[in-house]
Protein chains: 4
Amino acid sequence: MNRNSHTGRQVLPLRERLKGETQRAILEAAEEVFGESGLSGARMEDIAGRAGVSVGTLYNHFKDRDALLKDLIVARREELLARLDAVLASTEKDGFGSQLEQFVRAVLEHFDSHKAFLAIILESEHMRAQELSGSRASRPNTALLEIRRRIEELLVRGRIVGMLRPEAAEMFPSFLMALLKGTLSRELSAPTDVPLASRAPALVLFFLHGAGA
Amino acid sequence: MNRNSHTGRQVLPLRERLKGETQRAILEAAEEVFGESGLSGARMEDIAGRAGVSVGTLYNHFKDRDALLKDLIVARREELLARLDAVLASTEKDGFGSQLEQFVRAVLEHFDSHKAFLAIILESEHMRAQELSGSRASRPNTALLEIRRRIEELLVRGRIVGMLRPEAAEMFPSFLMALLKGTLSRELSAPTDVPLASRAPALVLFFLHGAGA
Amino acid sequence: MNRNSHTGRQVLPLRERLKGETQRAILEAAEEVFGESGLSGARMEDIAGRAGVSVGTLYNHFKDRDALLKDLIVARREELLARLDAVLASTEKDGFGSQLEQFVRAVLEHFDSHKAFLAIILESEHMRAQELSGSRASRPNTALLEIRRRIEELLVRGRIVGMLRPEAAEMFPSFLMALLKGTLSRELSAPTDVPLASRAPALVLFFLHGAGA
Amino acid sequence: MNRNSHTGRQVLPLRERLKGETQRAILEAAEEVFGESGLSGARMEDIAGRAGVSVGTLYNHFKDRDALLKDLIVARREELLARLDAVLASTEKDGFGSQLEQFVRAVLEHFDSHKAFLAIILESEHMRAQELSGSRASRPNTALLEIRRRIEELLVRGRIVGMLRPEAAEMFPSFLMALLKGTLSRELSAPTDVPLASRAPALVLFFLHGAGA
DNA sequence: GATGAATGAGGCTTCATTCAT
DNA sequence: AATGAATGAAGCCTCATTCAT
């Protein structure tokens with residue numbers, strides 16, 4: 001993500017690839033440590049240790065702690081957004097219901113792979129302005145916003161095809177996001193051994209029809 | 001012992017009242033500062049400053065930072081739980097739908113009064129084990145558990161009176177909680193000027209019937 | 001010690017006597033707390049609590065912590081010095097050996113009554129300059145000096161009557177003091193239930209004849 | 001692992017040597033500062049300054065203030081005990097008297113090298129339980145105990161060869177320790193410019209024969 | 001005089017960051 | 001590029017002292 005994003009050629013000399021390895025190792029270690037210790041509890045030394053490098057090396061690859069965290073967040077976000085965009089692109093096939101379920105499943109699978117870290121990130125989305133930088137809360141949490149944008153796009157389609165009712169529709173994206181986050185949240189407070197993704201159908205059913213008899 | 005000797009009327013001597021005042025002031029200041037700066041960003045000096053006292057005074061009233069935070073959480077929790085219990089107790093009157101809405105409204109009104117702080121608390125519920133104390137790591141967040149317990153009790157009634165369907169019912173409490181938290185979450189990322197409580201009917205409607213047309 | 005030292009009359013009005021009571025209680029409490037917690041570990045609040053008064057009261061009777069400690073030290077010192085002077089004054093009666101033993105016994109009895117506190121004081125005699133006040137080490141520990149002065153006086157008599165040999169005599173006072181302090185020190189590290197005073201004969205015997213066969 | 005690859009000779013790589021240097025510098029500085037300011041008066045910042053490092057560096061080498069002090073105490077103790085054991089081991093040569101004097105001289109020479117610090121340590125031996133850690137309160141001061149153990153061993157030999165009388169023999173170790181401590185104590189309250197070690201013969205003479213004519 | 005809540009200077013400790021090797 | 005010891009700003013907490021009641 002940092003470098004080499006759209007360099008036309010693709011040689012990637014040895015040194016670059018090794019460097020890439022280290023970076024990936026650091027990011028992975030960082031994900032674990034942030035996931036375990038929380039946004040503020042994670043210590044650079046722990047991350048270095050987990051990645052099998054020295055503290056100094058962290059700073060050879062990332063400007064500072066914030067940059068490391070930001071890059072990590074961005075990396076995970078891009079992974080998820082790419083999947084979501086793929087789902088949205090494959091719109092032709094089936095109906096809205098099917099696409100909605102695929103969307104939900106994509107999110108939940110992402111959660112399955114990054115539970116602890118995402119929990120930290122999603123849950124502290126809005127405190128990031130203060131915690132990450134002292135600046136104003138002006139960067140309004142890109143990751144969640146991007147997800148919401150896609151949810152909105154998806155739900156608009158649902159309304160167009162008449163599968164969603166128009167009243168209170170402006171709350172539906174929030175509700176869907178809430179159900180997704182809630183599913184993760186529940187898993188964290190009371191872990192099960194079924195993958196979250198398996199909850200997709202029930203979640204969609206609830207979203208479409210509620211709990212009523 | 002040596003108090004209250006000849007004050008015919010006043011139950012609490014001045015000293016005591018002042019002490020209570022100070023404590024309340026500290027808790028209020030702490031709520032603001034924690035809400036603004038986050039669980040780990042809040043500085044004792046800021047809390048003291050906001051409360052109009054000196055740092056030392058914080059420690060005359062609370063053992064340490066953790067104790068202050070814990071007391072604050074407990075205080076807010078008790079306030080909310082008392083309201084919820086009142087709603088649950090008034091069961092006779094109307095039907096399940098009405099009670100559900102009152103319940104939801106109670107939660108949302110509590111959110112309205114303590115937005116920022118509750119956001120911090122609710123969102124970092126599961127990282128509290130590490131952040132608050134290194135001790136009993138997995139005390140699973142009493143506040144949320146207590147709310148969930150009451151939601152479960154409420155929803156059981158709903159099922160008994162036949163207003164909720166039985167399939168996937170074990171997820172409903174999570175879903176309701178998610179919708180509540182999501183409502184708060186949305187308000188924080190995109191503040192409006194309508195009180196959250198006014199969202200109660202829409203939320204209940206969605207919970208009972210979903211987004212489907 | 002603070003006041004009323006050499007006022008010719010001796011009326012001591014009621015108020016004065018009550019004040020005296022409180023002061024004595026404070027001093028006693030201070031002795032206990034200093035004895036238990038050490039010179040620097042003793043907290044004013046603990047002393048107040050032990051004395052059954054409030055912190056403020058300590059400051060009504062003593063200028064500050066240092067003054068309280070100093071007054072306490074002086075009080076105990078005067079008690080001991082008075083006894084020692086009495087022994088020295090009763091010189092006529094018996095011989096040097098008997099007087100030496102009385103002297104030793106007087107010191108050990110004083111130790112018996114004030115073990116913990118004296119241990120603290122005696123042992124930190126020379127660090128008091130720094131700890132008590134930031135000043136130079138110019139006040140060379142009056143208490144020990146006063147005792148040594150009397151020991152020197154006593155031992156001079158011993159030499160005069162020919163019971164002490166003259167060689168290395170300048171070390172004898174130090175040695176006698178060391179034996180006294182050592183007796184207390186041993187009691188503290190390995191408490192027995194015989195009073196220290198009962199050790200007087202053995203100590204004197206050792207002082208006069210050593211450990212040799 | 002990756003050290004010492006092509007340094008034919010140097011056993012310790014530079015880094016390691018520097019680290020050792022720093023640690024020794026810190027311990028030395030700590031000894032001075034503790035010696036000057038007392039057990040509780042010594043400030044980490046002063047120790048750092050004296051050692052020519054920053055505060056943080058202290059914590060790279062020692063867990064906390066207590067650990068630093070403890071390590072320092074242990075270091076000095078081991079130095080002394082090694083010397084004493086050497087004296088005890090060289091038992092064959094001369095008689096008991098000679099060995100006793102060597103023992104005493106070893107202790108006094110150690111005092112000569114570490115006057116101020118040892119004074120602090122020895123004198124506050126029994127308050128260490130409270131001051132050093134709130135923990136295992138009554139670990140009875142290993143350093144003094146170890147010395148006493150060796151003194152006892154030595155004196156047993158003296159009794160076996162008939163150079164010490166048996167009556168009151170259980171007090172002799174305490175007395176010898178007292179004389180040693182007293183010698184240090186005297187030097188501190190009234191410094192001379194002769195080394196304490198030169199007092200060994202007089203001390204032994206006194207121990208064996210007392211002050212009597 | 002007694003009270004005890006408030007004060008705030010001062011100490012310990014942590015940890016992100018730097019930089020010489 | 002990697003290393004890891006050194007740095008020092010910043011936060012928490014203690015406790016002697018004050019002062020309004």
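These numbers come from the heavy atoms of this one structure, side chains and all, not from hydrogens, waters or symmetry mates.
Within 3.5 Å, a donor on the side chain of N60(B) pairs with an acceptor on the base of dA6(E), or the reverse.
A close approach under 4.0 Å does occur between a side-chain nitrogen or oxygen of T57(C) and OP1 or OP2 of dT3(E). Regarding contacts with the backbone of dT17(E), a side-chain N or O of Y59(A) is found under 4.0 angstrom from either OP1 or OP2. Contact between the side-chain N/O atoms of T22(B) and the OP1/OP2 oxygens of dA6(E) is found at a separation under 4.0 Å.
Per the geometry, CD belonging to Q23(D) stands 9 Å off P belonging to dA6(F), to the nearest Å. Between the CD atom of E45(C) and the P atom of dA6(E) there is a distance of 14 Å, rounded to whole Å. We find that CZ of R65(A) is positioned 8 Å from P of dT17(E), with the value rounded to whole Å. For the pair H61(B) NE2 and dG4(E) P, the computed distance is 14 Å after rounding to whole Å. Put simply, CD1 on I47(B) is 12 Å from C1' on dG11(F), counting in whole angstrom units. To the nearest angstrom, P of dT17(F) lies 10 Å from CG of L68(C). Atom C1' of nucleotide dT14(F) and atom CZ of R43(C) are separated by 8 Å, given to the nearest angstrom. Between the CZ atom of F62(B) and the P atom of dA5(E) there is a distance of 13 Å, rounded to whole Å.
Within 4.0 Å (heavy atoms only), A51(D) reaches no atom of the nucleic acid at all. Among the heavy atoms of the strands, none lies under 4.0 Å from A48(D). Using a 4.0 Å heavy-atom criterion, one finds that A67(D) contacts no nucleic acid atom at all.
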I'd like to know whether I73(C) forms a side chain to side chain contact (heavy atoms under 4.5 Å, CB included) with L69(C), so could you lay out the CA-CA distance, the side-chain angles of the two residues, the decisive distance to 0.1 Å, and finally the verdict.
CA-CA 6 Å; I73(C) 291 174; L69(C) 177 53; 3.9 Å; yes
Stepwise, does the side chain to side chain contact (heavy atoms under 4.5 Å, CB included) test hold for Y59(D) with M44(D)?
CA-CA 10 Å; Y59(D) 290 87; M44(D) 293 302 272; 3.6 Å; yes
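R65(A) contributes a side-chain N or O that, together with a main-chain N or O of A42(A), makes up a donor-acceptor pair within less than 3.5 Å. Side-chain N or O atoms of R77(A) include none that pairs as donor or acceptor with a backbone N or O of L72(A) at under 3.5 Å.
Between R50(C) and the choices E31(C), E32(C), E28(C), the side chain to side chain donor-acceptor pair (under 3.5 Å) rule is met once, by E32(C).
Nucleotide dA1(F) is matched to nothing when pairs are restricted to Watson-Crick or G-U wobble geometry with both distances under 3.5 angstrom. Across the strands present, dT7(E) finds its partner in dA16(F); the criterion is a Watson-Crick or G-U wobble pair with both atom distances under 3.5 angstrom.
Mapping M44(B) and V55(A) onto DNA chain F by nearest heavy atom places V55(A) at the nucleotide closer to the 5' end. Residue whose closest nucleotide on DNA chain E sits further toward the 5' end, between G56(A) and G56(C): G56(C). Each of A42(A) and A42(D) lies near DNA chain E, and the nucleotide nearest A42(D) is the one positioned closer to the 5' end. Summary of the strand contacts: G52(D) and D64(B) both lie near DNA chain F, and taking for each the nucleotide with the nearest heavy atom, the more 5' one is attributed to G52(D).
Proximity note for S54(C) (side chain, C-beta onward) versus dA6(E), dT13(E), dT3(E): the nearest is dT3(E).
Taking the side chain as every heavy atom from C-beta outward, I47(C) and V53(C) never approach each other to under 4.5 Å.
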